[in-house]
Every structure is written in C-alpha cells, then in structure tokens.
**Q** 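The structure follows.
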Amino acid sequence: MPDSSPLKLICLSDEKQGVSLTVIGGMSFSGTNQYDALHAEILVSTGFVSGRVELYPNAYDLDSWTEALESLAAGWKATWLESGRSPRITIDEVNQPDRGVHRQMLAAVRSRFQLER
C-alpha cells in the first residue's frame, strides 16, 4: 500500500512565526494513473494570525522551486509561484545551518509523486 502521509515541501519558521507548504496527495485530472498536480496547502502562523490556503502545484512549479532553492543557496532572494494562479511566496533569506533540508524535502515529494509534464 502506497504511503499516504503528508510531506513537507517548505518549512520556514522561527520562535514566533512560520510558513510551511505540505503536500497532501497527488491529483489526476486526466483520468489516467499519472499525477497531473499535487494537492497541497500553505500554512502561515504568527503570534496574532494563522491562515491556510489550498493550492495545486504541477511539475513545472516543482522545477521553479528547484530554481528558487538555487537562488537562495547563492545568497539571492527567491520568489516562487509567480504565475498569478496561486499565492506567491517570496523568501528574502533562509537562516538555517543546513540549506540541503529543502532539497531533501523536494526530492522526497518528487520521488513519491511523479508528475506528468
């Protein structure tokens, strides 16, 4: 039986606030056994407000997340999901000792949900 537990794709937080993107499952809109998109949600939490937004990233969105991670690794800002069809995520800086963590999360998502292009 395939693993159906949610996977984190993004997890940025400190002691007061956080943003995460969790992949809940794969979606097939074409009626085939291949996944066309992911069912995911963004969770934002701060000391005074919390919010959750569903979204459906596709293979091209995961490719652009790879590019965003490369920009961050080079010390640049990164913006992800700029298509206008979903919330845009802008990251100015990632302060964590192991920058490979997000690459590992991306690899786990790609491994479990092989998306059709």
Side-chain angles (χ1 to χ4, degrees):
M1 181 157 140
D3 186 358
S4 62
S5 60
L7 287 174
K8 291 275 188 212
L9 180 62
I10 299 173
C11 188
L12 302 169
S13 64
D14 61 21
E15 55 279 345
K16 295 182 182 181
Q17 58 198 358
V19 175
S20 64
L21 188 146
T22 302
V23 176
I24 299 165
M27 304 293 295
S28 178
F29 302 115
S30 60
T32 67
N33 291 334
Q34 295 289 326
Y35 294 124
D36 300 307
L38 301 173
H39 177 208
E41 65 180 15
I42 297 173
L43 176 63
V44 177
S45 60
T46 70
F48 65 93
V49 69
S50 294
R52 184 180 311 259
V53 176
E54 286 189 345
L55 70 152
Y56 298 90
N58 59 32
Y60 300 104
D61 294 328
L62 293 184
D63 292 345
S64 69
W65 179 235
T66 300
E67 293 170 11
L69 291 174
E70 289 170 3
S71 292
L72 291 168
W76 296 84
K77 282 186 191 184
T79 301
W80 186 52
L81 298 176
E82 295 185 272
S83 69
R85 62 178 174 79
S86 64
R88 178 178 19 200
I89 297 174
T90 301
I91 304 167
D92 291 330
E93 178 180 357
V94 176
N95 289 324
Q96 63 183 40
D98 183 6
R99 293 179 187 256
V101 167
H102 282 99
R103 291 181 194 275
Q104 291 173 353
M105 290 188 284
L106 175 59
V109 167
R110 285 188 187 268
S111 175
R112 187 181 308 167
F113 303 102
Q114 297 179 8
L115 296 173
E116 188 72 28
R117 291 189 186 273

**Q** When hydrophobic residues are tied together by side-chain contacts of less than 4.5 Å, even through go-betweens, does Leu9 share a cluster with Ile91?
**A**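 Yes; Ile91 is reachable from Leu9 via cluster members.
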
**Q** If you round to the nearest 0.5 Å, how far is CG of Leu115 from OG of Ser28?
**A**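 Between atom OG of Ser28 and atom CG of Leu115 there are 10.5 Å.
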
**Q** Measuring from Tyr35:OH to Met27:CE, what's the distance to the nearest 0.5 Å?
**A**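 Atom-to-atom, Tyr35:OH and Met27:CE are 10.5 Å apart.
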
**Q** Nearest 0.5 Å, please: how far is OG1 in Thr22 from NE2 in His39?
**A**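 Result: 11.0 Å between the selected atoms.
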
**Q** If you group Ile, Leu, Val, Met, Phe, Trp and Tyr by side-chain heavy-atom gaps below 4.5 Å, do Leu43 and Val109 land in one group?
**A**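 Hydrophobic grouping puts Leu43 apart from Val109.
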
**Q** Of all the heavy-atom pairs spanning Ala108 and Leu7, show the shortest one and how long it is.
**A**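 Of all heavy-atom pairs spanning Ala108 and Leu7, the closest is O-CD1, 3.8 Å.
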
**Q** Do the side chains of Leu12 and Trp65 join up, straight or via other hydrophobic residues, at under 4.5 Å, putting them in one cluster?
**A**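 Shared cluster, yes.
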
**Q** Which of these, Val44, Val49, Thr46, sits in a side-chain contact (heavy atoms from CB on, under 4.5 Å) with Gln17?
**A**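 Among Val44, Val49, Thr46, the one that satisfies the side-chain contact (heavy atoms from CB on, under 4.5 Å) with Gln17 is Thr46.
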
**Q** More than 12 foreign heavy atoms under 6.0 Å from NZ of Lys8: is that the case here?
**A**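 Yes - once you tally the heavy atoms of other residues, nucleotides and ligands closer than 6.0 Å, there are more than 12.
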
**Q** Identify the heavy atoms of Pro87 and Leu81 that sit nearest to each other, and give their distance.
**A**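 So the minimum-distance heavy-atom pair works out to O-CB, 3.4 Å.
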
**Q** Does CG belonging to Asn33 count more than 12 external heavy atoms closer than 6.0 Å?
**A**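 12 or below, so no.
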
**Q** Would Tyr60 and Arg117 count as a side-chain contact (heavy atoms from CB on, under 4.5 Å) if you check the C-alpha gap in whole Å, the side-chain angles of each, and the deciding distance to 0.1 Å?
**A** CA-CA 8 Å; Tyr60 300 104; Arg117 291 189 186 273; 3.6 Å; yes

**Q** Is a side-chain N or O of Arg110 found less than 3.5 angstrom from the main chain of Leu62, in a donor-acceptor match?
**A**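 Yes; at least one donor-acceptor contact below 3.5 Å.
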
**Q** Drop me the distance from Arg52's CZ to Ile42's CD1, to the nearest 0.5 angstrom.
**A**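 Going from the CZ atom of Arg52 to the CD1 atom of Ile42 covers 11.5 Å.
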
**Q** Short question: side chain of Trp80, backbone of Leu69 - any donor-acceptor pair under 3.5 Å?
**A**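 No; zero donor-acceptor contacts below 3.5 Å.
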
**Q** Ignoring hydrogens and geometry, is there a side-chain-to-backbone donor-acceptor pair from Thr79 to Thr90 under 3.5 Å?
**A**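 No.
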
**Q** Working to the nearest 0.5 angstrom, can you tell me the gap between Phe113 CZ and Gln34 CD?
**A**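 Nearest 0.5 Å value for the CZ-CD distance: 13.5 Å.
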
**Q** As an exercise, state the distance from CG of Asp36 to CD of Glu116, rounded to the nearest 0.5 Å.
**A**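 Atom-to-atom, Asp36:CG and Glu116:CD are 7.0 Å apart.
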
**Q** Is any side-chain heavy atom of Leu38 less than 4.5 Å from a side-chain heavy atom of Asp61?
**A**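 No, too far: nothing below the 4.5 Å cut-off.
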
**Q** Determine whether Ile10 and His102 make a side-chain contact, defined as any pair of heavy atoms from C-beta on separated by less than 4.5 Å.
**A**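 Side chain of Ile10 against side chain of His102, heavy atoms only: contact under 4.5 Å found.
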
**Q** Applying the side-chain contact (heavy atoms from CB on, under 4.5 Å) test to Ser45, which of Ser13, Ser20, Ser50 qualifies?
**A**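 So the option named by the test is Ser50.
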
